[in-house]
Amino acid sequence: MHSGASDRNGKSTTVCLCPLPPKMAQSILDNMPGASTGTVVVTDPLNFWGGRRVKPREEKNAEPVFEPATGRVLCQMMPCGAEEVDEAIKSAHTAYLKWSKMAGMERARVMLEAARIIRERREKIAKLEVINNGKSITEAVVDIDIAWQCIEYYAGLAGTLSGQHIQLPGGAFAYTRREPLGVCVGIGAWNYPFQIASWKSAPALACGNAMVFKPSPMTPVTAVILAEIYKEAGAPDGLFCVVQGGAETGTLLCHHPMVAKVSFTGSVPTGKKVMEMSSKGVKQVTLELGGKSPLIIFKDCELENAVKGALMANFLTQGQVCCNGTRVYVQREIMPQFLEEVVKRTKAIPVGDPLLDGTRMGALISKPQLEKVLGFVSQAKKEGGRVLCGGEPFVPSDPKLKGGYFMSPCVLDNCRDDMTCVKEEIFGPVMSVMPFDTEEEVIRRANNTTFGLASGVFTRDISRAHRVAENLEAGTCFINNYNISPVEVPFGGYKMSGFGRENGQVTIEYYSQLKTVVVEMGDVESLF
Ligand SMILES: NC(=O)c1ccc[n+]([C@@H]2O[C@H](COP(=O)([O-])OP(=O)(O)OC[C@H]3O[C@@H](n4cnc5c(N)ncnc54)[C@H](O)[C@@H]3O)[C@@H](O)[C@H]2O)c1
Ligand SMILES: C[N+](C)(C)CCCC=O
């Protein structure tokens with residue numbers, strides 16, 4: 001099937017599109033209830049623009065996408081090139097022209113319907129996420145819940161966007177208008193594929209923008225589900241588009257002249273490139289980057305909670321979480337009790353088939369990532385660290401999981417601030433534990449990093465808790481908990497962990513712009 005598209009000079013060009021009716025895509029989720037680890041192959045197109053799934057113009061440069069729990073090929077990801085990126089952005093711009101003229105409450109109704117549909121299909125979406133990402137189904141369902149809650153939250157804000165009236169002398173006045181930016185680009189990482197797509201699209205759409213989203217090439221299969229749901233909910237065709245690809249496709253998106261803003265989630269090195277590319281077109285940028293966050297446990301803490309907090313801070317999504325509290329500072333007096341309990345709990349974490357309800361740790365995203373994390377454990381031992389548990393490749397007993405990327409969660413002690421495992425982001429299930437003596441000392445050590453994404457403190461002393469939170473250089477500080485993600489509160493980094501925010505009311509500022517209108521009610525008093 002062919003569809004005409006006009007180029008910049010208005011001449012019509014023909015691009016080979018192979019659209020699928022939206023109902024075809026539903027079949028992928030419909031197959032989920034009966035799916036199990038090692039049985040799914042995704043063959044439908046994974047791009048989405050113009051209100052339909054679209055195959056790339058030429059099926060070339062295909063890259064295999066693996067199921068982390070089995071090492072099988074889940075699908076082929078074919079990166080979009082310049083023509084497809086241009087098609088998607090133009091599709092988004094067409095939708096933006098319509099969507100931006102709607103009232104906030106009209107946008108809200110579409111977003112609330114999208115949130116309802118996601119909620120209704122949460123288990124099916126979560127299952128597909130598990131198959132592509134490797135995280136446990138228990139976590140994935142929570143991730144999908146946080147995704148629809150984010151869309152619901154910004155639907156609530158869509159109708160509240162407003163400006164100000166300012167009275168000026170002589171009857172003159174001014175008012176401000178909060179206006180959308182236009183076509184926004186979202187670029188996602190692989191650890192929370194559906195959630196990241198939702199966290200970026202929800203505020204963008206609420207403010208009247210359209211979005212073109214590029215998932216990580218390692219997790220291409222669920223963002224297109226979100227695109228279908230937005231369409232099903234009544235969004236204009238092109239409002240939320242999905243283009244697949246890696247660095248080259250991402251570069252094309254950042255350079256495209258019709259893109260007003262780039263919201264990026266990923267590593268610091270890539271974030272720097274995105275920032276540099278966006279500067280060429282003076283595009284707004286939001287960077288959600290890496291971290292190596294401190295978790296500080298004082299001797300007066302409620303120890304049971306502190307241990308649970310340390311596990312939550314290190315082992316969700318196989319430790320592949322940007323804001324994890326992987327530098328665990330424990331006041332010296334309680335170190336023995338802490339280590340005994342945290343090692344016992346870590347050893348008891350069920351590792352295995354991520355689709356089983358009892359599993360709490362699935363497979364890491366890829367074989368290279370598994371090998372990288374195991375390399376950090378080896379390096380830690382060379383530098384004097386002591387492995388108290390885990391840190392080894394894990395082969396589940398189920399034969400279908402033999403090729404999966406599993407490892408046992410690891411607790412290291414005898415660590416020092418100058419060790420590689422303490423300085424660098426590992427992005428795997430490795431907790432590095434260190435003793436400290438005083439509050440002043442631990443704040444200094446906790447802040448001695450170029451990162452600044454998150455932090456945590458466990459103490460019963462309410463004054464100390466807030467004093468420590470004030471003095472930690474990080475975008476988030478969890479007090480007596482860790483890695484909870486209420487969408488009502490902003491999330492984002494300090495220092496090299498990035499800037500801008502996602503979630504919370506403040507994020508409206510990052511997806512809109514303010515126009516001032518000054519109204520003269522009298523005559524012009526001219527100097528000329
Ligand atoms: N702060 C957060 O919210 C957050 C969340 C998840 C992951 N992360 C960070 O992301 C990293 C792991 O994710 P990753 O391996 O996908 O990161 P990555 O930087 O390798 O890739 C992130 C995304 O950028 C794209 N990309 C790569 N090169 C690009 C380029 N030159 N131009 C445009 N796009 C490009 C990738 O295709 C991918 O979609 C970790 O450092 C982690 O801390 C941060
Ligand atoms: C949902 N969390 C735990 C805040 C993670 C956000 C994305 C970071 O990896």
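Start at 1 and go down the list; that is how both ligands and their atoms are numbered.
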Per-atom contacts of ligand 1 with [X], taking only distances under 4.0 Å to non-hydrogen atoms:
X: Gly188; answer: 22 (C), 23 (C), 38 (C), 39 (O)
X: Cys322; answer: 1 (N), 2 (C), 3 (O), 4 (C), 5 (C), 8 (N), 43 (O), 44 (C)
X: Phe264; answer: 19 (O), 22 (C), 23 (C), 24 (O)
X: Ala189; answer: 6 (C), 7 (C), 13 (O), 16 (O)
X: Gly290; answer: 41 (O), 43 (O)
X: Pro217; answer: 37 (O)
X: Phe491; answer: 3 (O)
X: Gly246; answer: 37 (O)

N/O donor-acceptor pairs under 3.5 Å from side chains in residues 136-143, not counting sequence neighbours:
unit_1, atom_1, unit_2, atom_2, d
Ser136, OG, Glu139, N, 3.2
Thr138, OG1, Asp357, O, 3.4
Thr138, OG1, Arg360, NH1, 3.0
Glu139, OE1, Thr317, N, 3.0
Glu139, OE1, Thr317, OG1, 2.7
Glu139, OE2, Thr317, N, 2.7
Asp143, OD2, Lys135, NZ, 2.4

Please write down residue, atom name and distance for the protein heavy atom closest to [atom].
atom: atom 40 (C) of ligand 1; value: Glu425 OE1, 3.3 Å
atom: atom 9 (C) of ligand 1; value: Gly266 O, 3.1 Å
atom: atom 36 (C) of ligand 1; value: Lys214 NZ, 3.6 Å
atom: atom 4 (C) of ligand 2; value: Ser485 OG, 3.3 Å
atom: atom 6 (C) of ligand 1; value: Asn191 OD1, 3.1 Å
atom: atom 29 (C) of ligand 1; value: Thr270 CG2, 3.4 Å
atom: atom 34 (N) of ligand 1; value: Gly250 CA, 3.7 Å
atom: atom 5 (C) of ligand 1; value: Thr265 CG2, 3.1 Å
atom: atom 7 (C) of ligand 2; value: Cys322 SG, 3.3 Å
atom: atom 16 (O) of ligand 1; value: Trp190 CD1, 3.1 Å

| task | Measure Gln195 to ligand 2 on non-hydrogen atoms and call it side chain, backbone, both or neither using the 4.0 Å cut-off. | result | side chain
| field | Ligand-residue contact atoms, ligand 2 with Asn191, heavy atoms, under 4.0 Å | value | 8 (C), 9 (O)
| query | Should you measure from each heavy atom of Val321, which atoms of ligand 2 turn up under 4.0 Å away? | reply | 3 (C), 5 (C), 9 (O)
| task | Output yes when a protein non-hydrogen atom is found under 4.0 Å of atom 14 (P) of ligand 1, and no otherwise. | result | yes
Between [X] and [Y]: side-chain donor-acceptor atoms closer than 3.5 Å:
X: Asn324; Y: Asn483; value: yes
X: Lys292; Y: Thr450; value: no
X: Ser366; Y: Tyr405; value: no
X: Thr326; Y: Asn314; value: no
X: Glu383; Y: Thr420; value: yes
X: Ser263; Y: Tyr511; value: yes

| request: Decide whether the shortest distance between a heavy atom of Met277 and an atom of ligand 1 is less than 4.0 Å. | output: yes
| request: Measure the distances from the heavy atoms of Pro269 to every atom of ligand 1 and state whether one is below 4.0 angstrom. | output: no
Does [X] pair with [Y] as a salt bridge, N-O distance under 4.0 Å?
X: Asp44; Y: Arg53; value: no
X: Glu84; Y: Arg57; value: no
X: Glu304; Y: Arg345; value: yes
X: Glu59; Y: Lys55; value: yes

| query | Given Lys127 and Glu123, is the salt bridge (charged side-chain N to carboxylate O under 4.0 Å, His left out) satisfied, shown in steps? | reply | CA-CA 6 Å; Lys127 204 164 187 180; Glu123 285 87 2; over 6 Å; no
| At under 4.0 Å between heavy atoms, which part of Tyr192 makes contact with ligand 1: side chain, backbone, both or neither? | neither
| request: Ignoring angles and geometry beyond distance, decide whether Cys323 reaches within less than 3.5 Å of ligand 2 through its nitrogen or oxygen atoms. | output: no
| said: Looking only at the aromatic ring of each residue, does the gap between the centers of Trp199 and Tyr154 stay below 6.0 angstrom? | reply: no
| request: Please determine if Leu453 has a nitrogen or oxygen closer than 3.5 Å to a nitrogen or oxygen of ligand 1. | output: no
| request: Can you sort out the partners of Tyr96 under ring pair (Phe, Tyr, Trp, His ring centres under 6.0 Å), two or more places apart, ordered by chain and number? | output: His93
| query | Checking side-chain contact (heavy atoms from CB on, under 4.5 Å) against Val422, which of Leu412, Val433, Asp417 comes through? | reply | Asp417
| query | How long is the span from the CG atom in Leu453 to the CD atom in Glu473, to the nearest 0.5 Å? | reply | 14.0 Å
